[in-house]
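Letters A, B, ... are given to chains in the order of the sequence lines, protein chains preceding strands, and every chain is numbered from 1.
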Amino acid sequence: MLIIRCPICGDRPELEFRYGGEGHVARPAATEALDDQTVADRLYMRTNPKGLTVERWRHVHGCGRFFNAVRDTVSDFFVTTYKAGEPRPDLDALKKEAVR
Amino acid sequence: MQTYSALQLLRRAFGGHQSWEPLWRQPALKPAYDVVIIGGGGHGLATAYYLAKEHGITNVAVLEKGWIGGGNTGRNTTIIRSNYLFDESAALYDHAVKLWDDLSQALNYNVMYSARGVMMLAHTVHDVQSAKRHIHANRLNGVDNEWLDPEACKAFCPELNISDNIRYPIMGGALQRRGGTARHDAVAWGYARAADAMGVDIIQNCEVTAIRRDATGAIEAVETTKGTVKTRKVGVVAAGHTSVVMSMADVRMPLESYPLQALVSEPVKPTFTCVVMSNTIHAYISQSDKGELVIGAGTDAYTSYSQRGALHITEHTLDAICELFPMFRRMRMLRNWGGIVDVTPDRSPILSKTAVPGLFVNCGWGTGGFKATPGSGNVFAHTIATGEPHRINAPFTLDRFRDGTLIDEAAAAAVAH
Amino acid sequence: MSAPFRLATGGRIDRSKPLRFTFDGAAYTGFEGDTLASALIAGGVHLMGRSFKYHRPRGFLTAGPDEPNALVGVGASQDRYTPNLRAPVVELHDGLVAESQNRWPSLRFDAGAVNDLFSRFLPAGFYYKTFMWPKSFWKTVYEPKIRSMAGLGKAPTAPDADRYTQVYAHVDVLVVGAGPAGLAAALAAAESGRRVMLADEQPEVGGSLLHDVTATIEGRPAAAWVAETLAALEAKGVQVLTRTTAFGYYPHNMLGLLERVTDHYANPDPKLPRERLWQVRAGEVVLATGAIERPLVFPENDRPGILLADAARAYANRWAASVGKRVVIATACDSAYRTALDLKAHGIDVAVVADLRPMPIGPLVDAVRAAGIRVEAGTAVTGTRGRLRVRVAHLSRLDGRGGAHAPEPVACDALLMSGGWTPTVHLFSQSRGKLRFDEGLQAYVPSVSVEKERSAGGCNGVFDLAAVLADGYAAGESAARATRVRAPASRAFPVDGTHPVTGGHLGAVPHSRNPSAVKAFVDFQNDVTAKDLKLATREGLRSIEHVKRYTTTGMATDQGKTSNMNALGIVSEAIKAPIPQIGLTTFRAPYTPVTFGSFAGASRGDLFDPVRKTPSHSFAVEKGAPFENVGQWKRAWWYPRPGEDQHAAVRREVKAMRSSVGMFDASTLGKIEVVGPDAAAFMEMLYTNAWAKLGVGRCRYGVMLREDGFVMDDGVIGRLAADRFHVTTTTGGAPRVLNHMEDYLQTEFPHLAVWLTSITEQWAVTAVQGPKARDVIAALVEGVDLSDAALPHMSVVECRVCGVPARLFRVSFTGELGYEINVPADHGAAVWQAVYEAGQAYGITPYGTEAMHVARAEKGYIIVGQETDGTAGPDDVGLGWAIGKAKPDFVGKRALARPAMGAADRKQLVGLLTEDPATVLEEGAQIVADPVFEVPARMIGHVTSAYESPTLDRSIALAMVKGGRARMGETIYIPMPDRVIAAKVVAPVFYDQEGARLNG
Amino acid sequence: MADIALKEPALRRSVFDGLPLASKAAAACALEPLPPATRLAVRGRPGVAEAAAAALGFPLPTGVCQSAEGGGRAAFWLGPDEWLVIAPEAEAATLAPTLEQALAGVPHAIVDVSHRNVALTVSGPRAAYVLNHGCPRDLSLSAFPVGTVSRTILGKVEVVLWRTGPESFRLECWRTFAEWVVGFLNEARREFE
């Protein structure tokens, strides 16, 4: 069971959280300007990286907030977590800290 | 290829088994191949085998990052069935089951395919409706699948607890008698041995580091830890690592890689003759030829390449097993491991050419890839050889996500295994 | 039965407390403190079981959890029977019943042993090469035979009578292993005042010190030091868990510990769990898991009476059990010399110590020679004799050229071996720490840590007692300071009466016998021999993982604890590659097998998953209603009258409801209160319909889509105020819908001032439906004009019902005049009862979910999850009218514009009327256009709902059919196994098409 | 008979009726059902915490997992814009309107959840140990001091845990989960019978 650092509550056991999929995925707004491929990309295409990934979690059994996290998908160690709405961090900069 | 048989076994026994040939060569990587298969798991090796066997394409390299069959092929719970809901899926998986039937003879390698019967339990009215819908669709697709009431379930699997005093009593089950299991390692080794015998180079400990494309964007070469290989056709069959490999060709995939756990008990004398699955309480179980109870469940909650799962997932798996089979409560977990499964949004695989000329991809099998190994390799070989999909895998394109023509087995049935 | 091999003195057993037990039906006596193994050895028993493949007679190899051979089934009754237990770790209790395994008809005469005679035809992987002809024989003959030969013990046949509990714990420092290193580490950590937990798999702490009768620590005998240290730890509040195995190292310093609570009692206290699964989150971890002695791989090294040297020492020193009268010791490691000395001190005849090393030196060797024990250097055992117990050991001098000279037979009744020590790095490796191969030690030792842990003592490759203690203490200090840096221990532990041990051997022992004719076992339980491993490499299997899977070495119940390193040595020699290049097979959890039940814990029966009951549940129970599981809810299915079956009850309920009035418990419907200045704006985005203009006090049926345009949920939504909506969802969908709403609110529309609160359980809901519904509730409702004009269909009012605050909805899921009375849940039962009583005058009829389903189907109302299956868009199920085309945006809008969503041949909701009105279709049945077809048939749809309609007095069905709306009037066909049913495609509303009954 | 229904307000029935709360294990860990209460879910933009003081007599706590008490009322921080206010049953009709008034100036939401939740006290020297059978949180006094309140997990159920003393907790859960919670805690404390 992972320990996940909720940006609001701090370190909490994984059981209090629900995984929310890849982070910073733009929602396909209802504009016809968007072609079908772009819609599909936003709905279905995922980066799914081996290494640092930016993902969403919800502290559903805690403060209830959705937030973003940067996790190393090989070690499952988190590099950082931050509130929803905050900008995506620079992964290359974070890679240095990614050790743990 | 040296023939395997009881007689050979007898003969060589007197020679102290000194004269067995290697299962496959340890070839050096050639500078160029007609086709390069990335991924030496069951699907990749089967693809190479059928390329050579059915399409006469033998100048093929299978590049394996580690040891062949070391990924999901060697980590899965080996369940084989074809009672999927949609016509497209049923055709694909049943194609596989037909090939399973005489695979041992075709490969001259005993893959121990055992049609022990796969029973999928229904615990709710919705389960029953879903199971019946499957059964009717399967029947009209020529796929065997029959409805059993609780007593019939018990008769088929005497260990099953069909009493009303469990939380989700069993309301019946769907049984596919042709379903069963096979020996996972043997599948990889059998295909490898047969493909090797036809000239396919199996290169282990060879990791692909880059996929090179020419000015037109078409595939021209693959760079590996053992050097560069020129080729115009690449088949990516990398399961959990598909997104990583495809990103080398700048192709984004509708995939997420999740950990999938499985476990075995200590070996015991034959006690469990069939395969039982419950999607409502998330568990499935069979007994291996070695006597181990082989148990699996759904994926862990978050994407990961760590190849290990969480303890609380094991708990949920085993509380379900103990609920269905209370006499196994004192059995003990011997080994627990995790694989990496690549999951598509509609829980159906992708066997498809791509926007990149010469690049083909076979992925998205989620938790259920092993059962499809022969069929998958067979139609994917066709796709690579001819450049066009086989009738059977034509619906399993990448484009379906753009067009919305999904084959949503998960949504339709909540069946993921 | 007497105990001829029980030593007169010594041991940690309580000779005043004899314990009676049986093994294979024969009665024996041991003492408190004995294990099953020590008691049997004291009784002169060494034949314990049969091996997996060749069914060779096997005895004890070890004195611990690494035991591969002596596996037994324990338990007097099937509901407490456990197979495959390792005799050396089964604590004796009075009345214990044990039996050997994998033998028939008896342990001494086992038919399966015939395999041994044919073993030359059964090399590694033989089953891959044969059993292929004739094909049909695999399933009928070969496989059943293979299966019956495989397996070890028998699975219990009765449900387990015991219970298991699970508990989470949090500590600053967890020390795994209470041998010298672990005890020292715990001491250091405890002195820092941190929360410390010390766990050890054995019944008492001390580890190897428990059978060290010569060593002294800080001037005290080892055993005394252990006792004092334990007292000191407990005084400092250290939580000491014995009989507790740390079996798994999970991410972020979560360790799984299994505590065996009652197995060692003859009559366990029923209120105690059999086992307790600890999930320990540790700030820092000290691994002090010791080391495992390696067997020597020489021909016929598997006979009963052939044990590891240190195991024999432990049996003698700790349990006063002698493994024999005359022993031969074969070794490549100094530690076996301690065994020689200790056994000799016990008066056991040590015939000879044969040392593989050409020139063994050191104080231990000198001491053995001084004790008058014959020592042969550069000498190996090259064969043994004795069917059910070793009788003779053949000693051969090595010729230095990979062979050996002619053997000298030495009579003995026990042969003790030591190939050196393998650090127990299982947990470290599970933690994903990196190992390194230490050429000096010829062993893998911890190198780079990933988690916050450190190893100490034997598992760290440290073997000299003083160094072990210092290493442990330093580890404990660094853990307490939560630092990776290991400063030299600030405390030294002066020791005496012990000597450092060196030496060891990996791989097979040289001999000059015909390699294909002899069996030198590497993995004892799975019968993997040196020649099997060599065959695998000859067949081109070069990865150690391939070798393991092909030969099954290391895959037995001991998971290769005693065999993996020797296998590596043999493979390394065979393919001429250094060991580090070959690598190591992965160490997987668990370290030792863990009971399924302990993972399940309390999660069984009613605790398997919460049972959610509505406030009027007991009313339904009293009426004898069966219940339907819907999610976690129990819903009344129908309310049978005496003698009624389901069909009759449902028919009566529907008819009564339509002709007069019925009542239905709708409490399980999900409810969400959407409140805030931007509530309407939020609803506009989450539902396809328009909400801004919905008047206060009015309701609307809402459709919710996923972003991909498929129907996710639906429900009636009432506007209670400009800024307040009462949203209902499907019963199963409630949590999913709330999470979906929160997701969009928090991440896409955070600017909206609106908040979501689940009120599913705040309100109990009694639906009153039927022409007389108004008359029934009129008497119960205060201050509300119930007239159609004042409270028309699809409206809501806050009022009082039965004197309590209520939300009264005028809605209908039946097509009749209907109300849904929401009252605070604690009042639910009383209000339900009041409605029931008030309704008596009109013959009010409670109806269950089945009648509800029938009634709604008569009206063509869909059920999300039944008509829809996650692949249906709103237009497909006839909800196109509910899509706010004018709305600029809502979740799922863009996806609806994708080509496939508008395709003419999409499955669309239609009604079906079978040609034979008596025929009720089967839900899930498939539909074809042409009654004449070949398999595979082209299916055009499937039946989603099908009932006998009491109202129409004929069967009706809803179906999803390709291009369905264009097929109105067509006849389509439903092929059943025995016949093909014809049905007409009609509009999916069978009753009161114009909806007249809803109004008025 | 209809008239009767009007004269007599419908009776309350507690979900704890008939649940096995008494136990020989009570000395180690006792389970005590708490009486009905007025419960309001309070949400809102910054400013609600202070504004609420006018109605409650104290501001809503703004620290993570903090609680505040006064005049028989308590307020729990459950999230950055989420509180659970608990008051005597007698305030059922009055508290929400008063609070609405107090918060009038700030965007907010008040929802009555008096009947959605039920509460019981888990107390005794082994209370934390018993709760830890299903709660993965560190419940030591140092990590979870008196006054701490948190939404968390107990086995398969979501609960709100409020530490009211070194050895006592108030456990709030949704009404239909009470039966499971009691059954689970009974199983956990059985070893102390």
Side-chain angles (χ1 to χ4, degrees), chain C residues 163 165-170 195 269 271-273 279 281 601-603 606-607 609-615 632-633 673 675-678 723-724 753-764 778-780 782 801-805 823-831 833-834 837-838 840, chain D residues 1-15 24-25 36 39 41 43-45 81-82 92-93 107-118 129-130 132-140 142-143 155-157 174-177 179-181 183-184 187-188 190-193:
Chain C
R163 19 186 308 269
T165 60
Q166 302 171 331
V167 63
Y168 295 98
H170 295 74
R195 281 186 293 174
D269 182 338
K271 63 180 193 257
L272 289 179
Q279 294 184 60
R281 181 78 69 180
S603 179
D606 281 353
L607 293 181
D609 206 25
V611 179
R612 304 177 69 181
K613 300 173 182 169
T614 68
Q632 295 173 319
W633 289 97
E673 200 152 322
V675 185
D678 299 322
D723 65 350
R724 190 174 293 257
V754 57
W755 292 273
L756 314 168
T757 306
S758 171
I759 50 167
T760 301
E761 304 223 17
Q762 168 67 17
W763 302 100
L780 309 176
E782 287 171 69
V801 175
C802 300
V804 298
V823 294
D826 270 0
H827 299 300
V831 170
Q833 188 63 33
E837 284 162 14
Q840 288 309 308
Chain D
M1 89 203 111
D3 309 332
I4 302 165
L6 273 181
K7 287 198 209 76
E8 300 274 328
L11 301 169
R12 289 191 78 141
R13 184 187 294 169
S14 162
V15 294
K24 291 202 231 64
R39 295 180 177 86
R43 312 291 301 271
R45 294 280 195 233
D81 67 349
E82 180 179 5
H108 69 277
I110 297 171
V111 175
D112 186 339
V113 292
S114 304
H115 290 240
R116 182 191 70 181
N117 291 16
V118 295
Y129 170 80
V130 168
N132 270 136
H133 279 64
C135 179
R137 295 279 290 278
D138 183 349
L139 297 179
S140 63
S142 50
K156 303 190 175 191
V157 169
W174 288 6
R175 58 184 300 114
T176 57
F177 294 118
E179 186 172 349
W180 187 92
V181 165
F184 182 83
E187 179 70 10
R190 196 164 141 193
E191 65 181 272
F192 301 118
E193 282 176 4

Is the backbone N or O of C:Ala825 less than 3.5 Å from a side-chain atom of D:Arg12, with the two atoms forming a donor-acceptor pair by type? no
Give the member of D:Arg175, D:His108, D:Lys156, D:Arg39 that has the highest number of heavy-atom pairs under 4.5 Å with chain C. D:Arg175
Highest number of heavy-atom pairs under 4.5 Å with chain D: which of C:Gln632, C:Gln279, C:Arg724, C:Arg281? C:Arg724
Check: C:Leu607 main-chain N/O paired with D:Trp180 side-chain donor or acceptor under 3.5 Å: yes
Honestly, the part of C:Val804 sitting under 4.5 Å from a heavy atom of chain D is side chain
side-chain contact (heavy atoms from CB on, under 4.5 Å) filter on D:Ser14, not counting sequence neighbours, yields D:Phe16, D:Asp17
Check whether any side-chain heavy atom of D:Ser140 sits under 4.5 Å from a side-chain heavy atom of C:His170, and report yes or no. no
Intermediate values then yes/no, side-chain contact (heavy atoms from CB on, under 4.5 Å), D:Ile110 and C:Val675: CA-CA 8 Å; D:Ile110 297 171; C:Val675 185; over 6 Å; no
Side chains of D:Val157 and C:Pro610: does their closest heavy-atom pair fall under 4.5 Å? yes
Contact check, side chains of D:Arg190 and C:Pro273, non-hydrogen atoms, under 4.5 Å: no
Looking only at non-hydrogen atoms, find the nearest pair between D:His133 and C:Thr165 and report the distance. CD2-CB, 4.0 Å
If the threshold is 4.0 Å, N to carboxylate O, is there a salt bridge linking C:Arg612 and D:Glu179? no
Examine whether an atom of C:Asp269 lies under 4.5 Å from a heavy atom of chain D, and if so say whether it belongs to the side chain, the backbone or both; otherwise answer neither. neither
C:Ala753 versus chain D, heavy atoms under 4.5 Å apart: side chain, backbone, both or neither? both
Sidechain-backbone polar pair: C:Gln762 side chain, D:His115 backbone, donor-acceptor under 3.5 Å: yes
Heavy-atom distances under 4.5 Å only: say whether C:Trp763 touches chain D with side chain, backbone, both or neither. neither
Residue selection (most heavy-atom pairs with chain C, distance under 4.5 Å) from D:Ala143, D:Gly183, D:Pro136: D:Pro136
Most chain C-contacting option - heavy-atom pairs closer than 4.5 Å, from D:Val181, D:Asp112, D:Leu139, D:Val15: D:Asp112
Chain C contact via D:Arg137 - side chain, backbone, both or neither, heavy atoms under 4.5 Å: backbone
What I want to find out is whether D:Asp138 reaches C:Arg195 closely enough, with some N-O distance under 4.0 Å, to be called a salt bridge. yes
Verify, without hydrogens or angle tests, whether D:Arg116 (side chain) and C:Ser758 (backbone) share a donor-acceptor contact under 3.5 angstrom. yes
Verify side-chain contact (heavy atoms from CB on, under 4.5 Å) between C:Arg163 and D:Glu187, making sure each step is shown before the conclusion. CA-CA 10 Å; C:Arg163 19 186 308 269; D:Glu187 179 70 10; 2.8 Å; yes
For chain D, which candidate among C:Lys271, C:Gln166, C:Glu673 shows the most heavy-atom pairs at distances under 4.5 Å? C:Lys271
Quick one: does C:Trp755's side chain get under 4.5 Å of D:Val111's, heavy atoms only? no
Shorter than 4.5 Å, heavy atoms on both sides: which option in D:Cys135, D:Ala188, D:Gly155 has the most such pairs with chain C? D:Cys135
Report which part of C:Pro677 has an atom under 4.5 Å of a heavy atom belonging to chain D: side chain, backbone, both, or neither. side chain
Would you mind reporting whether D:Glu191 and C:Leu272 have side-chain heavy atoms less than 4.5 Å apart? yes
Part of C:Gln833 lying under 4.5 Å from any heavy atom of chain D: neither
